[in-house]
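Working notes for the structure below.
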Amino acid sequence: MTMQTEPFIMNIGPQHPSTHGVFRIRVALDGEVITDADMIMGYLHRSMEKLAEERTYTQNIPFTDRIDYLAAMSNNLAYVMAVEKLASVEVPERGQYLRVIMAEFQRIASHAMAVGTFVNDCGAWQTPLMYMFKERERILDLFEMTCGARLTCNYVRIGGVSYDIPDEFLPKAWELVREMPGILDEYEGLLVENEILLARSKGIGVLTAQEAINFSCTGPMLRGSGVAWDLRKADPYAVYDRMQFEIPVGRNGDCYDRFRVRLEEMRQSGRILKQCLEQLPGGQATNPVPLALRPPVGEAYAAVEGPRGELGFYIVSDGGPAPYRFHVRAPSLINLTALPKMTIGSTVADAVVILGSVDIVVGEVDR
Amino acid sequence: MTIGIEHYLIVSAVLFAIGLFIVLAKRNLIGALMGVELMLNAVNLTFIAFARFTESAQPIAGQVFAVFVITVAAGEAALALGLAVAVYRTRASIDAEDMSTLKW
Amino acid sequence: MPFPFLKGAWYNISDLSNLSRALLGWVDGWGNDTVAYIAAGLIGVLATMAFLVPSQLGVVWIERRVIGRFQIRRGPNRVGPYGLLQPIADALKVMLKEALTPPAGDKWVFWAAPILMFIPAIGVYAVIPWGKNMAMADLNIGLLYFVALSSLTTIFVFMAGWSSNNKYSLFGAMRVVAMMISYEVPVVVTLLGVSLFTGSLSLSGIVQWQADYHVWLVLLQPMAFIVYYIASTAELNRTPADIAEAESEIVAGYHTEYSGMKFSLFYAAEYTNALAISALVAAVYFGGWYMWGLEQWVPGWLIFIGKLYFFFLVLIWLRGTLPRLRVDQLMAFAWKFLLPLSLVNVFVVGLEVLLWHENGWSAGVTLPAFAVVNLALTVALVYTYARAFGYDRPRAGDIVLRSEIGFVPGPATEGLPGGT
Amino acid sequence: MDGTGIVIAFWVFAAMTVGAALLVVALRNLFHAALALIVAFAGMAGLFVTLSADFLAVGQVLIYVGAISILVIFALMLTPLAGRHNGESRYALPAGGAAAGLAAVVIYAVLNVDWPLRGGEGFDETAALLGEALLDTWVLPFEVVSVLLLAAMIGAIVLVRGDGE
């Protein structure tokens, strides 16, 4: 006996509470089980890579804020590092430390958002998200007092950072860093052993290490699948080579492991921040560079370990004031390509959880 | 005016007739099943009306019978609808007139 | 005297039924049965409404405030003192919103569903015993009536989901049907234990039994209470079983397409149902108006409403803290966890009733003994079974900290070079 | 209490039941027909109440309105391609004749038989009476019916299960 029915096609998105923006998955269903998943992107395409070819190197920094609006600092850093590589600009030590401090704070903020929305996608009614927002809010306050913006910071500059930190920054940062382990213990106490969360995320959306590598996944997606890979260790940039920290790695490759890896990374970021704040040297934070920077003809690729994975910028210079080619290796987009692999065969409810565990930012997927 | 047993029996007869018509005339299998349910309901009404109005050693017996009818109706509904779904799966149709072969 | 029926009875606030009985007696004096029946019905309806309408507004405020506290925020506090007028503002807002009807949907069914939703939601209040002698209609099959009427909700939810002509809605509707049918079984089987023990299907009778024996049924049948409360939470479509309107999965489930007043009708019906379930739990398992003598000093109906609101708060608590289960997990939970437990409960209760009544043991010794036995059984069964039923537990080695890059041996990296 | 209330209730519920049953025949949309069927079941529950069969009335609501009609609707949803048309086959005319004839015969019989009526009221409380009767006089059929239900359930599961599972 065979069932002769046409598949039930359902659109998850583009307007849907769980797609984290305007992203659409067209799924074919058999009952609740997904038999086919088709990702449709581009609803948020803003043509940033092309627009960047018309603007000077400094003018492009705000674009990078808006690529991944939850991790503006990391994006700034990656882009600026690419330009610095291209133009061979040196950054003073204090600038390097400030960059790392901001990037790690940004990682905590971004992971807090990721974990919160992930648990939301599992069906919790906003409560974990609100808890996560509590600390994210304090981090955004730190950003605000440093550069005036909370979300789209536009802080890192070619040759350093836009402003040195204000006087009230360090006490607040120290307070937060000291409280961080306790806060994380609270989060873990709330979430890690929650029976329903375990039921919803353990064994769901399994991606083996081989598959994760084949899909070029990076970040918590890759680490959740048992691959200890972190650019901060593999190819240390800024001052990460002076930091003591560890790479949290999951062994099962399911949604739960990705969620746990994120929680653990927040802890490690706290460690890094502590070391950075201890070692923070004095002196100049920025080497001034001309606003209309004209790097020599050539190309450069620089990548950082962003909250979502390897965030790389590839820039080609023709010697003019604007990049000839500006390309972003967006971890959200590349991690997302593993989505059909993970969702086919699971249910609709699982698909939402899996999407939540990938932690996409649609601004970065579509650019 | 009082309502007697005749009133209930006539309502029941009308309902039974409607149910019979549905069973005999409807093309859709599930539609026909609705007729069966109506007929069973009509029979129940008769039993309960008798239990209420007629002389008997154990007047509740009519209601006991209705309980059995309801129970059997539940089983019948589950089974018949299962049949309808099974037929639909093999034939992609639940039109009663399409089901004219004994074997396929 | 303009109101002779008020003489002597009205000031006894511990038994408001005096008031209505006096009023009825007065109306009955006119010599017209029909008028008296209608008056009796009207009094009951008005009394129920006198509870429901303020509660309806109250619970919206309570839920928003309490959930706000759960989520470290304040909740509504702008409209009126402590945001008390927020529900009225909410109500005005939804009334003024445009009521959309999906053009490809089934217009009549679409309109009828939210209105019909209220029939079971309000109808079940007829049998709630607010206090001694204070049930609007003390049906001798009240418990069954309650269950039967609340099972009607399924149909109206399905009507809403189907007529919207929206795939999310249809999904939600199908889920509701599957879930409600599954969870009705444990609900009915657990309540069976109650009526076995008390020998009554009437809610007033069950409360009276508890008052007579000076015990709450939850002490005698803790397992039944747990099973019933979980199953009825699921029937209410509240977290962790809100798969019918699972916001993160199917937008808003069966009421995705509803807006304005029609949406708020669903919303209100949900609260009405939640209050009704809380009332049933308070009456059946927590002694209704009975509180070991406290009802001598405090009006019984106040005690009852207090218990009712307590269980409503528990529902809010669950909603504020738990994620949602998946459909198949919920079904498995109903059939594999709740149903066996409720069957065990019926068996044990039946055995106990048999022992008790056949041997003519005295209640003073028997009931404490049963309470201890049942509690032990509950702890053993619920705990061990829940453990056996539990999903994968987190293991110590799930997350490994590495200071070097490389592969971590584990299920995900099988066949890859391990540990470098 | 054979008062005006019962008379009104009877006519209301009888009209509701028969009217809804006619709608089941007349409505062309099968889903609407199923909804009309639910109304007919509910009216039937009302008629049961007027016959002082309160337990059965509630049972009717629980089983017919709450479960069987849901099953019918579910079956409708599971057969999406079958066409939701509630039309008649070519046997409509003879079927109508048969139904009308049956109704006529039964009504004639009802009106012309001298029923052995018992005076007095209906039952006070049927739940206990029913329970005693079921577990006393009718215990064998009761058990047989439970076996039948089990068999029907297993049968239904076997029927709708696919081969692959």
Side-chain angles (χ1 to χ4, degrees), chain B residues 1-3 5-11 13-18 20-22 24-28 30-31 33-34 37-38 41 45 48-49 51-55 58 60-61 63-64 66-68 70-79 81-86 88 92-97, chain D residues 2 6-7 10 14 17-18 21-22 24-25 30 33 37 40 44 47-48 51-53 56 59 63 68 71-72 75-76 78-79 81-82 86-89 91-92 95-96 98-99 102-103 106-107 110-111 115-118 122 126 129-130 133-134 138 141 145 148-149 152-153 155-156 159-160:
Chain B
M1 179 185 173
T2 48
I3 301 296
I5 186 167
E6 293 86 359
H7 292 86
Y8 288 99
L9 292 183
I10 289 172
V11 168
V14 170
L15 275 180
F16 194 88
I18 294 173
L20 185 67
F21 174 78
I22 295 174
L24 291 179
K26 291 293 177 189
R27 297 172 65 109
N28 196 306
I30 296 173
L33 272 172
M34 295 183 195
E37 300 300 338
L38 268 182
N41 254 283
L45 186 59
I48 294 171
R52 162 73 175 79
F53 287 109
T54 58
E55 187 60 55
Q58 201 186 6
I60 200 74
Q63 292 201 13
V64 173
V67 170
F68 288 138
I70 289 182
T71 323
V72 173
E76 172 261 349
L79 203 54
L81 292 170
L83 265 176
V85 172
Y88 171 78
S93 157
I94 48 169
D95 192 326
E97 291 190 1
Chain D
D2 214 336
I6 287 273
V7 177
F10 170 79
T17 315
V18 174
L22 287 173
V24 176
V25 180
L30 206 53
L37 187 74
M44 187 65 88
L47 284 178
F48 287 1
L51 284 169
S52 75
L56 280 173
I63 293 171
I68 290 185
L71 268 181
V72 169
L76 277 180
L78 286 178
T79 53
L81 293 181
N86 189 25
E88 279 88 19
S89 64
Y91 306 112
L102 182 88
V106 174
I107 290 172
V110 165
L111 292 176
W115 300 103
L117 293 181
R118 118 181 105 91
T126 55
L129 274 176
L130 262 178
L134 270 177
W138 307 96
V145 157
L148 178 81
L149 267 186
M153 197 169 85
L159 269 177
V160 294

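Please read all numbers here as calculations on a predicted model, not as lab measurements. All chains are named by letter (A, B, ...) in the order of the sequence lines, taking the proteins before the strands, and each is independently numbered beginning at 1.
- By number of non-hydrogen pairs under 4.5 angstrom with chain D, the leading residue of B/L9, B/N41, B/I10 is B/N41.
- Nearest heavy atoms, B/A66 versus D/L56: CB-CD1, 3.7 Å.
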Practice prompt. List the steps and the verdict of side-chain contact (heavy atoms from CB on, under 4.5 Å) for D/V145 and B/V67.
Written response: CA-CA 10 Å; D/V145 157; B/V67 170; over 6 Å; no

Query - Check against side-chain contact (heavy atoms from CB on, under 4.5 Å), B/F21 and D/L102 - result: CA-CA 10 Å; B/F21 174 78; D/L102 182 88; over 6 Å; no

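- Across D/P141, D/A133, D/G59, the residue that shares the most heavy-atom pairs under 4.5 angstrom with chain B is D/P141.
- Using a 4.5 Å cut-off between heavy atoms, D/A21 contacts chain B through both its backbone and its side chain.
- Between the CG atom in D/L71 and the CG atom in B/L81 there is a gap of 5.5 Å [rounded to 0.5 Å].
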*Step by step, would you call D/L129 with B/Q63 a side-chain contact (heavy atoms from CB on, under 4.5 Å)?*
CA-CA 10 Å; D/L129 274 176; B/Q63 292 201 13; over 6 Å; no

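- With sequence neighbours excluded, the residues satisfying side-chain contact (heavy atoms from CB on, under 4.5 Å) with D/L22 are B/I18, D/V18.
- Using a 4.5 Å cut-off between heavy atoms, D/L130 contacts chain B through both its backbone and its side chain.
- Atoms CD and CD1, on B/E76 and D/I68 in that order, are 7.0 Å from each other to the nearest 0.5 Å.
- For B/I5, the part sitting under 4.5 Å from any heavy atom of chain D is the side chain, from C-beta outward, and nothing else.
- Ranking B/A17, B/A78, B/A25 against chain D, the residue ahead of the rest is B/A25, based on heavy-atom pairs under 4.5 Å.
- Using a 4.5 Å heavy-atom cutoff, the side chains of B/L79 and D/M153 are not in contact.
- Smallest separation of non-hydrogen atoms from B/L24 and D/A98: CD1-CB, 4.3 Å.
- In this structure, D/V25 and B/K26 have side chains that are in contact, with non-hydrogen atoms separated by less than 4.5 Å.
- Heavy-atom minimum distance, B/L38 versus D/A40: CD2-CB, 4.2 Å.
- Note on D/A103, D/A95, D/A152, D/A53: by heavy-atom pairs under 4.5 Å with chain B, the leading option is D/A95.
- The side-chain heavy atoms of D/L134 and B/F68, taken from C-beta on, include a pair separated by under 4.5 Å.
- No side-chain heavy atom of D/V72 sits less than 4.5 Å from a side-chain heavy atom of B/L33.
- Counting all heavy atoms, side chain and backbone alike, D/L30 lies closest to B/G31 at CD1-CA, 4.0 Å.
- Between D/S52 and B/R52, the closest heavy-atom pair is OG-CD, 3.8 Å.
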Inset, instruction - Kindly determine whether B/L45 and D/L51 satisfy side-chain contact (heavy atoms from CB on, under 4.5 Å), including the steps that lead there. - result: CA-CA 9 Å; B/L45 186 59; D/L51 284 169; 3.9 Å; yes

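- Heavy atoms of D/I63 lying under 4.5 Å from chain B belong exclusively to its side chain.
- Annotation for B/V11 and D/A14: closest pair CG2-CB, 3.8 Å, computed over non-hydrogen atoms.
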